[in-house]
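Written below as C-alpha cells is the structure these notes are about.
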Amino acid sequence: HVEGHEELDAASLREHEEFTKVKNIATIELGRYEIETWYFSPFPPEYNDCTKLFFCEFCLNFMKRKEQLQRHMKKCDLKHPPGDEIYRNGTLSMFEVDGKKNKVYGQNLCYLAKLFLDHKTLYYDVDLFLFYVLCECDDRGCHMVGYFSKEKHSEESYNLACILTLPPYQRKGYGKFLIAFSYELSKKEGKVGTPERPLSDLGLLSYRGYWTRVLLDILKKHKGNISIKELSDMTAIKAEDILSTLQSLELIQYRKGQHVICADPKVLDRHLKAAGRGGLEVDVSKLIWTPYK
Ligand code: 1VU
C-alpha cells in the first residue's frame with residue numbers, strides 16, 4: 001500500500017512505523033453506530049488530544065465534539081457519497097468516487113479506513129485512486145457499509161488496493177460482494193486482476209473463500225479439460241491466485257512436468273460446503289460503468 005509514500009526516506013519511514021504502533025482514537029461515531037477502532041490512524045496533529053471522533057456519515061468530515069457534528073448535519077447537503085452511482089440493486093448501491101475530483105472525501109475515507117487496517121500507509125495522495133463505496137440506502141440517505149480503493153493505473157495488475165467492511169456490517173457477505181465487484185470491473189476492462197499485497201488475515205480468508213467458490217462452481221459445471229488460463233479468462237482472477245487456491249485445496253497434481261487439475265465431483269462438493277456462504281450476489285446487469293481512461 002504505497003499511496004504517496006515514495007518521497008519518504010528510510011529514516012522517516014522507520015520513525016513513521018514507530019509512531020503507528022500507538023493507537024490514538026479509541027472510538028468513532030458514524031451514522032447510528034459507535035464503533036471501537038482497531039489501529040492507529042494518522043489524523044492531523046490538532047486531533048492528537050482526542051480519543052473519540054464524530055464523523056459525518058455522508059461527507060466523512062470528522063469533528064471533536066458531538067455538538068459540532070449536530071450543527072454540521074443541519075447544513076451538510078450530501079445524502080450519499082460524492083461521485084457517480086454506478087450500481088443499484090434494491091437497497092444496495094455502489095458509488096464511484098474519483099480521489100482527484102473529491103480529494104477531501106478521499107482523504108477522510110483513508111483516515112477512517114486506517115482505523116481498521118494494519119498495514120495501510122496511505123495518506124494524502126488520493127488523486128491516483130478511485131474509491132468504490134458500498135451503501136445501504138433508505139429514506140434518510142445512503143449509508144456507507146464498506147469500500148475498496150483501486151489505482152487508476154496499475155503496473156502490477158492490481159484491481160484492488162484496500163478493502164474494508166465497517167465492523168457493524170462485517171460477516172454478512174458484504175466483503176465478498178466487494179471482492180466480486182472488483183472482479184466484475186476487471187472483466188469489463190478485459191484484464192485479469194489481483195489484490196495488492198500484503199493481505200490481512202481477514203482479507204486472505206475472504207479472498208480464499210471467494211476464489212474457492214468461484215473456481216469450484218466452474219469446475220463442477222464444466223465437462224472435459226480446462227486450463228488455468230481458461231479459468232483466468234472466465235473469472236479475471238490472476239493465474240497465480242488460481243494456482244495457489246487449487247493447490248491449497250489439493251486439487252493440483254504434478255504429472256509429466258505439468259500441473260493438472262484433478263476435480264473429483266465428490267471432493268469438489270466437500271470443498272464447496274467448507275467454503276462457507278456465497279455472500280451477496282453482484283447482478284452485472286445493474287452495473288453501469290465504463291473503465292477509467
Ligand atoms: O461468512 P463466511 O464464512 O461465508 O465467509 C467469511 C469467512 O470465511 C471470513 N471471515 C471470517 N472468518 C473468521 N472470523 C471472522 N471474524 C471473519 N470475518 C470474515 O471471510 C469471509 C468473508 O466474509 P464477508 O463476505 O462477510 O466479509 P466481511 O464483510 O466481513 O469483510 C471482510 C473484510 C476483510 C473486508 C473485513 O473483515 C474487514 O474490513 N477487515 C478489516 C480490514 C481488512 O483487514 N481488510 C483487508 C486488508 S488487505 C487489503 O486491503 C489489501 C487487498
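Counting starts at 1 for both ligands and their atoms, following the listed order.
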Does at least one non-hydrogen atom of G209 fall below 4.0 angstrom from an atom of ligand 1?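 In this structure, G209 fails to qualify as a contact of ligand 1 - no heavy atom is under 4.0 Å.
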Looking at ligand 1, is there an atom of it that comes within less than 4.0 Å of some heavy atom belonging to A161?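 Judged by the 4.0 Å heavy-atom criterion, A161 does count as contacting ligand 1.
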Spatial distance of atom CD (E281) from atom NZ (K286) [nearest 0.5 Å]: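 Output value for this atom pair is 12.0 Å.
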What are the two closest non-hydrogen atoms of [X] and [Y], and how far apart are they?
| X | Y | value |
| --- | --- | --- |
| N108 | C59 | ND2-O, 3.5 Å |
| L53 | Y47 | CD2-CD2, 3.6 Å |
| L60 | E57 | CD2-O, 3.9 Å |
| L112 | F116 | O-CD1, 3.6 Å |
| L280 | F177 | O-CD1, 3.6 Å |

Answer yes or no: are there more than 12 heavy-atom neighbours, outside E36 itself, under 6.0 Å from its atom CD?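 No, not enclosed.
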Identify, by atom number and element, the atoms of ligand 1 in contact range of [X], meaning under 4.0 Å from any of its heavy atoms.
| X | answer |
| --- | --- |
| E196 | 51 (C), 52 (C) |
| W38 | 41 (C) |
| C162 | 50 (O) |
| F116 | 41 (C), 42 (C) |
| K176 | 2 (P), 4 (O), 5 (O), 21 (C), 22 (C), 25 (O) |
| L117 | 42 (C), 43 (C), 45 (N), 47 (C) |
| G203 | 34 (C), 46 (C) |
| L199 | 48 (S), 51 (C), 52 (C) |

From the options L205, L166, L178, select the one whose nearest heavy atom is closest to atom 12 (N) of ligand 1.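 Answer by nearest heavy atom: L205.
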Given A274, G146, S200, which one has a non-hydrogen atom that is nearest to atom 44 (O) of ligand 1?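 The residue whose heavy atom sits nearest atom 44 (O) of ligand 1 is S200.
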With side chain to side chain contact (heavy atoms under 4.5 Å, CB included) as the test, pick out the partner of Q68 among Q70, K66, K64.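 Among the candidates, only K64 passes.
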Are any of the N/O atoms on [X], whether in the backbone or the side chain, positioned under 3.5 angstrom from an N/O atom of ligand 1?
| X | answer |
| --- | --- |
| S206 | yes |
| Y169 | no |
| P195 | no |
| L202 | no |

Identify every side-chain donor-acceptor pair in residues 258-271 under 3.5 Å, counting partners at least two apart or on other chains, and give the distances.
from: D264; atom 1: OD1; to: K266; atom 2: N; distance (Å): 3.1
from: D269; atom 1: OD1; to: K220; atom 2: NZ; distance (Å): 3.0
from: H271; atom 1: NE2; to: L249; atom 2: O; distance (Å): 3.0

Going by atom types only, do D118 and S200 share a side-chain donor-acceptor pair under 3.5 Å?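 Result is no, nothing qualifies.
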Tell me whether the centres of the aromatic rings in Y174 and Y147 are closer together than 6.0 Å.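 No.
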With backbone taken as N, CA, C and O and side chain as the heavy atoms from C-beta onward, which portion of R197 lies under 4.0 Å from ligand 1: side chain, backbone, both, or neither?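 Neither; nothing of R197 gets under 4.0 Å from ligand 1.
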